[in-house]
Amino acid sequence: MTKINRRSFIGAGLAAGVASFFPTPAMITLGANERIRLGSISCGARANELLANFRKFSEVDIVAICDPDSARVGSTKAKFEQELKTYSDCRELLDDDNIDAVVVATCDHWHCLGAIWAMQAGKDVYVEKPLAHNIYEGIQTVNAARRYKRVCQVGMQQRSDKMQAEIKKFLHEEQQIGKIINARVNHYMRRDAIGRTEQPMVFPETVDKNLWLGPAQDVPIYRNNLQYDWHWSWNTGTGEMGNWGVHVLDDCRNNVLLDSVEFPNRILGGGIRAGYNDDGETPNIQFVYFDSGSIPVVFAMSTLGMKDSRSAGPHPGPGSGYIAYCEGGRLEGQRGSAKAFDADGKLIKEFKGNSGQMEHQRNFVDAVLTQNPSMLNAEVAIGKATSEWCNLANIAFRCGSKMTTERATAIAGVATGAEQIWVDALSSAQTTLNSHDIPMVDGDVVVSDMLTFDAETRKFVGVDAEKANALLKRQYRSEEFTVPEIPEA
């Protein structure tokens, strides 16, 4: 891609809520040989999936790959027929002026720093979900996209499924089942324990430990596997909330709230990591109440599952999806499909879609070719907002204290406008825990007080504000890997 097309035109205006510093498609004439030279920061499983998709587009050339694990670099390189440049340090890849755009599909703790460095280097970015490991980093990544005038798409591919527009029309324009009253978001999927070792893990010889850690602290790891299971450590991951919760919460924010609420006003959450006795820290039972200021939302998750069963636990609606409860019925949505029911439970409409996978990558390619971020279906500001809901839910869990009988009674009716689905979510958790002989009350389950978040200052106020605010930003291991503060453009 020529540098004139990428950097010489600066426009202004607003499109789909995105401050546009770029020309509209009509302002750019692409030559017959106009192409995108793409590099990948990560050679893990998700990175390989994305590369396999991007290489199907005629306008895209995969030219470079990077990973702190040389074994993964070698494995990914072997999948390509042509010569690829290979790196262990992403900064060396980003110094290459022959690369136009990058995929960032690293561990969660590297998402924002990798994306920011890429945009500072003049690259456009496709960054995996969740965008941010914490609130601070998401803000800086949006600021970077604006300041450096870059196209930045977040990998929430369900946004590119055309079915979503049909659902929004049905719920909000046609209102065939009346106004939305409240919503429940589910993620019920069994996961196995990640193990616990007696001695700290010794990093494989193929892995550059300093580069793998990046912004994260150098703390002992006592699990079986270095890769993937980083999801369940607060140092490097965001738990199931950031892994799958981000997808189902994003569907709710998109289809139920119409992206009208960036930050919920209040959050109450809790849960437990139970039944595993492993090195994981993030909860495998989690429940959250979000006061959005309009439609209240309850999130319920279990990856523990019922004992002696493949069931992930009792729940209404889809195992991984959302329910919009309306005056005259409900809509149950999940990846690739949705169903609407009337007040008597009769199925009245079905929606068919797909994951939006290839469409989402195609959407990014088109936006890069035209340098028009307003085209993006999951532009970085959208990805930041959904990531924030996940971050806030995890903060509530980490601010929780033991659920005593007194506290359990106190929280039962606090979910204003969503009292019944809140109680149902707690009941589902209790049923799963009971099957493992784990008490819901007066045991190890924790629950927060109602936390209040001020969207103007982007800080908590009131009860437990000091403790919660300490979790808005991480402690960085060194200045070398600190996510910089980027002034708003």
Any donor-acceptor N/O pair, [X] side chain to [Y] backbone, under 3.5 Å:
X: Ser233; Y: Trp230; value: no
X: Asp250; Y: Thr386; value: no
X: Asn186; Y: Pro316; value: yes
X: Asn143; Y: Ala489; value: no
X: Tyr289; Y: Thr416; value: yes
X: Arg474; Y: Tyr476; value: no
X: Arg147; Y: Pro487; value: yes
X: His111; Y: Glu128; value: yes
X: Ser337; Y: Gly333; value: no
X: Ser387; Y: Ala132; value: yes

Ion pair [X]/[Y], N-O distance below 4.0 Å:
X: Glu379; Y: Arg146; result: yes
X: Asp449; Y: Lys467; result: no
X: Lys459; Y: Asp454; result: no
X: Arg72; Y: Asp67; result: yes

Any chance [atom1] of [X] has more than 12 other-residue heavy atoms, nucleotides or ligands included, within less than 6.0 Å?
X: Lys339; atom1: NZ; answer: no
X: Asp208; atom1: CG; answer: yes
X: Glu480; atom1: CD; answer: yes

Let me confirm one number: the [atom1]-[atom2] distance from [X] to [Y], rounded to the nearest 0.5 Å.
X: Cys66; Y: Asp96; atom1: SG; atom2: CG; answer: 11.5 Å
X: Leu331; Y: Leu171; atom1: CG; atom2: CG; answer: 5.0 Å
X: Arg266; Y: Met450; atom1: CZ; atom2: CE; answer: 4.0 Å
X: Ile65; Y: Leu38; atom1: CD1; atom2: CG; answer: 11.5 Å
X: Leu433; Y: Ile272; atom1: CG; atom2: CD1; answer: 6.0 Å

How far apart are the C-alpha atoms of Glu281 and Arg273, what are their side-chain angles, what is the distance that settles it, and do they pass the side-chain contact (heavy atoms from CB on, under 4.5 Å) test? CA-CA 7 Å; Glu281 299 171 318; Arg273 187 170 189 87; 5.7 Å; no

Pair [X]-[Y], side-chain donor/acceptor within less than 3.5 Å:
X: Asp424; Y: Gln420; result: yes
X: Asp124; Y: Gln153; result: no
X: Thr238; Y: Asp108; result: yes
X: Arg362; Y: Asn53; result: no
X: Asn284; Y: Thr303; result: no
X: Asn210; Y: Arg477; result: yes
X: Glu359; Y: Asn354; result: yes

Are any non-hydrogen side-chain atoms of [X] and [Y] less than 4.5 angstrom apart?
X: Leu211; Y: Arg91; result: yes
X: Leu249; Y: Cys390; result: yes
X: Ile36; Y: Leu369; result: yes
X: Leu94; Y: Ile41; result: yes
X: Val127; Y: Cys152; result: yes
X: Asn377; Y: Ile382; result: no
X: Ser292; Y: Leu257; result: yes
X: Gln371; Y: Arg150; result: yes

Minimum heavy-atom distance [X]-[Y], with the two atoms named:
X: Ala52; Y: Arg55; result: O-CG, 3.3 Å
X: Leu93; Y: Val102; result: CD2-CG1, 3.8 Å
X: Thr236; Y: Ala216; result: CG2-CB, 4.0 Å
X: Val298; Y: Ala418; result: CG2-CB, 4.1 Å
X: Thr432; Y: Gly305; result: CG2-O, 3.4 Å
X: Ala300; Y: Arg184; result: CB-NH2, 3.6 Å

Decide yes or no on side-chain contact (heavy atoms from CB on, under 4.5 Å) for Leu226 and Met201, but give the supporting numbers first. CA-CA 8 Å; Leu226 175 65; Met201 176 184 292; 3.8 Å; yes

Using the ring pair (Phe, Tyr, Trp, His ring centres under 6.0 Å) criterion, which residues pair with [X]? Sequence neighbours excluded.
X: Trp110; value: Trp117, Phe481
X: His133; value: none
X: Tyr136; value: none

Determine, step by step, whether His187 and His247 satisfy the side-chain contact (heavy atoms from CB on, under 4.5 Å) criterion, reporting the C-alpha distance in whole Å, the side-chain angles of both residues, the deciding distance to 0.1 Å, and the verdict. CA-CA 10 Å; His187 184 64; His247 282 306; over 6 Å; no

Look at the aromatic rings of [X] and [Y] and report parallel, tilted or perpendicular, splitting at 30° and 60°.
X: Tyr126; Y: His360; value: perpendicular
X: Trp234; Y: Phe397; value: tilted
X: Trp422; Y: Phe287; value: perpendicular

Test side-chain hydrogen bond (donor to acceptor under 3.5 Å, both in side chains) applied to Asn255 and His172, Lys168, Gln158, Gln164, the passing residue: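 For Asn255, the side-chain hydrogen bond (donor to acceptor under 3.5 Å, both in side chains) check succeeds only for Gln164.
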
List the steps, then state whether salt bridge (Lys or Arg N to Asp or Glu O under 4.0 Å) holds for Glu49 with Arg46. CA-CA 5 Å; Glu49 290 174 357; Arg46 182 57 181 156; 2.8 Å; yes

Might you work through the salt bridge (Lys or Arg N to Asp or Glu O under 4.0 Å) test for Asp161 and Arg335, ending with a clear yes or no? CA-CA 9 Å; Asp161 187 341; Arg335 177 173 285 181; over 6 Å; no

Please report the C-alpha distance between Val248 and Phe299 in whole Å, then the side-chain angles of each, then the deciding distance to 0.1 Å, and finally whether the side-chain contact (heavy atoms from CB on, under 4.5 Å) criterion is met. CA-CA 9 Å; Val248 286; Phe299 175 90; 4.1 Å; yes

